[in-house]
Amino acid sequence: MKTFDTSYKLLDEMYQDEYYPNFLVDKIKDELQKVIDLLETGENDIEVIQKKLDESVCAINELQEEFDENDSEIETVARDCIGETVGYVLEWFGIPIDMEEAIRERDW
């Protein structure tokens with residue numbers, strides 16, 4: 001089984017920006033980690049992977065109110081950062097899912 005790139009910092013741009021509370025970025029990271037955990041098992045069924053991505057993205061959608069309550073939001077920088085992170089994870093594991101398709105359930 002291939003393990004994820006330990007030198008890659010998930011959501012680094014969001015962690016570097018004080019606009020995003022770290023505890024909320026941690027929640028997004030936790031959702032993305034679930035996808036990574038699945039991929040580290042060697043799973044390569046695109047439908048199974050996309051289902052896990054959809055679940056994680058829907059969970060991230062649910063965080064929007066918490067971001068609002070903390071004077072933040074999942075906006076352009078966050079969208080790009082999340083998308084780039086998902087793209088990197090998929091590329092690392094050689095999963096042929098387009099990043100836009102991978103995060104198709106987003107409403108941010």
Side-chain angles (χ1 to χ4, degrees):
M1 311 299 156
K2 185 174 185 176
T3 58
F4 188 62
D5 182 359
T6 56
S7 68
Y8 186 81
K9 294 181 176 150
L10 297 171
L11 307 170
D12 190 46
E13 190 173 0
M14 289 180 73
Y15 280 114
Q16 299 302 320
D17 191 330
E18 292 179 9
Y19 180 66
Y20 308 106
N22 282 349
F23 80 97
L24 291 174
V25 180
D26 287 344
K27 290 182 179 188
I28 295 173
K29 181 180 174 184
D30 289 345
E31 288 305 320
L32 297 178
Q33 187 62 51
K34 292 174 185 176
V35 175
I36 292 169
D37 291 346
L38 173 68
L39 295 173
E40 286 182 332
T41 69
E43 181 63 65
N44 61 5
D45 183 317
I46 298 301
E47 289 183 26
V48 171
I49 296 166
Q50 185 62 60
K51 183 174 186 247
K52 180 58 75 178
L53 285 161
D54 290 346
E55 290 170 3
S56 293
V57 169
C58 287
I60 293 168
N61 290 345
E62 297 297 316
L63 295 174
Q64 289 186 100
E65 190 173 312
E66 254 188 288
F67 271 88
D68 288 341
E69 291 167 0
N70 287 277
D71 300 318
S72 185
E73 65 180 305
I74 301 175
E75 43 69 73
T76 306
V77 172
R79 281 191 299 267
D80 289 348
C81 184
I82 295 166
E84 287 172 15
T85 299
V86 168
Y88 185 88
V89 168
L90 294 173
E91 184 178 321
W92 178 263
F93 287 101
I95 305 301
I97 300 175
D98 177 72
M99 185 272 296
E100 287 296 325
E101 180 67 13
I103 59 173
R104 66 186 180 188
E105 292 295 328
R106 75 188 181 286
D107 63 9
W108 25 268

Any heavy-atom pair between the side chains of [Y] and [X] that's under 4.5 Å?
X     : Y     : result
Tyr19 : Phe67 : no
Asp80 : Glu13 : no
Leu24 : Ile28 : no
Leu32 : Ile60 : yes
Ile36 : Leu10 : yes
Thr85 : Tyr8  : yes

Next item on the list: Decide side chain to side chain contact (heavy atoms under 4.5 Å, CB included) for Ile82 and Leu11; before the verdict, give the C-alpha distance in whole Å, the side-chain angles of both, and the deciding distance to 0.1 Å.
Entry: CA-CA 6 Å; Ile82 295 166; Leu11 307 170; 4.0 Å; yes
Checklist line | Pair Glu66 + Lys27, salt bridge at N-O below 4.0 Å | finding: yes
Check: Do NZ/NE/NH1/NH2 and the carboxylate oxygens of Glu100 and Arg106 come within less than 4.0 Å?
Finding: yes
Margin query: For Ile97 and Val86: C-alpha separation, side-chain torsions, deciding distance, then whether side chain to side chain contact (heavy atoms under 4.5 Å, CB included) applies.
Written below: CA-CA 10 Å; Ile97 300 175; Val86 168; over 6 Å; no
Note to self: Take a 6.0 Å sphere around CD of Glu65 and say whether it holds more than 12 heavy atoms from other residues, nucleotides or ligands.
What the structure shows: no
Item checked: More than 12 heavy atoms from other groups under 6.0 Å of CD on Glu55 -> yes
Item checked: Path from Leu39 to Met1 over hydrophobic side-chain contacts below 4.5 Å -> no
Item checked: Spatial distance of atom CD1 (Ile103) from atom CG (Leu53) [nearest 0.5 Å] -> 9.5 Å
Next item on the list: Hey, could you give me the CD/CD1 distance between Glu101 and Ile46, rounded to the nearest 0.5 Å?
Entry: 10.5 Å
Side-chain ([X]) to main-chain ([Y]) donor-acceptor, under 3.5 angstrom:
X     : Y     : value
Ser56 : Glu31 : yes
Asn70 : Ser72 : no
Lys2  : Trp92 : yes

Check: Which pair of non-hydrogen atoms, one from Gln64 and one from Ile74, has the smallest distance, and what is that distance?
Finding: CG-CD1, 3.9 Å
Next item on the list: Check the side chains of Gln33 and Asp37 for a donor-acceptor pair under 3.5 angstrom, ignoring hydrogens and angles.
Entry: yes
Next item on the list: May I ask you to check whether Asp26 and Tyr15 show a side-chain donor-acceptor distance below 3.5 Å?
Entry: yes
Item checked: Partner set under salt bridge (Lys or Arg N to Asp or Glu O under 4.0 Å) for Glu40, not counting sequence neighbours -> none
Notebook entry, point to check: For Gln50, which residues count as a side chain to side chain donor-acceptor pair (under 3.5 Å) partner, sequence neighbours excluded?
Noted result: Asp54
Next item on the list: With Trp108 as reference, evaluate Leu63, Val57, Thr76 under the side chain to side chain contact (heavy atoms under 4.5 Å, CB included) test and give the passing residue.
Entry: Val57
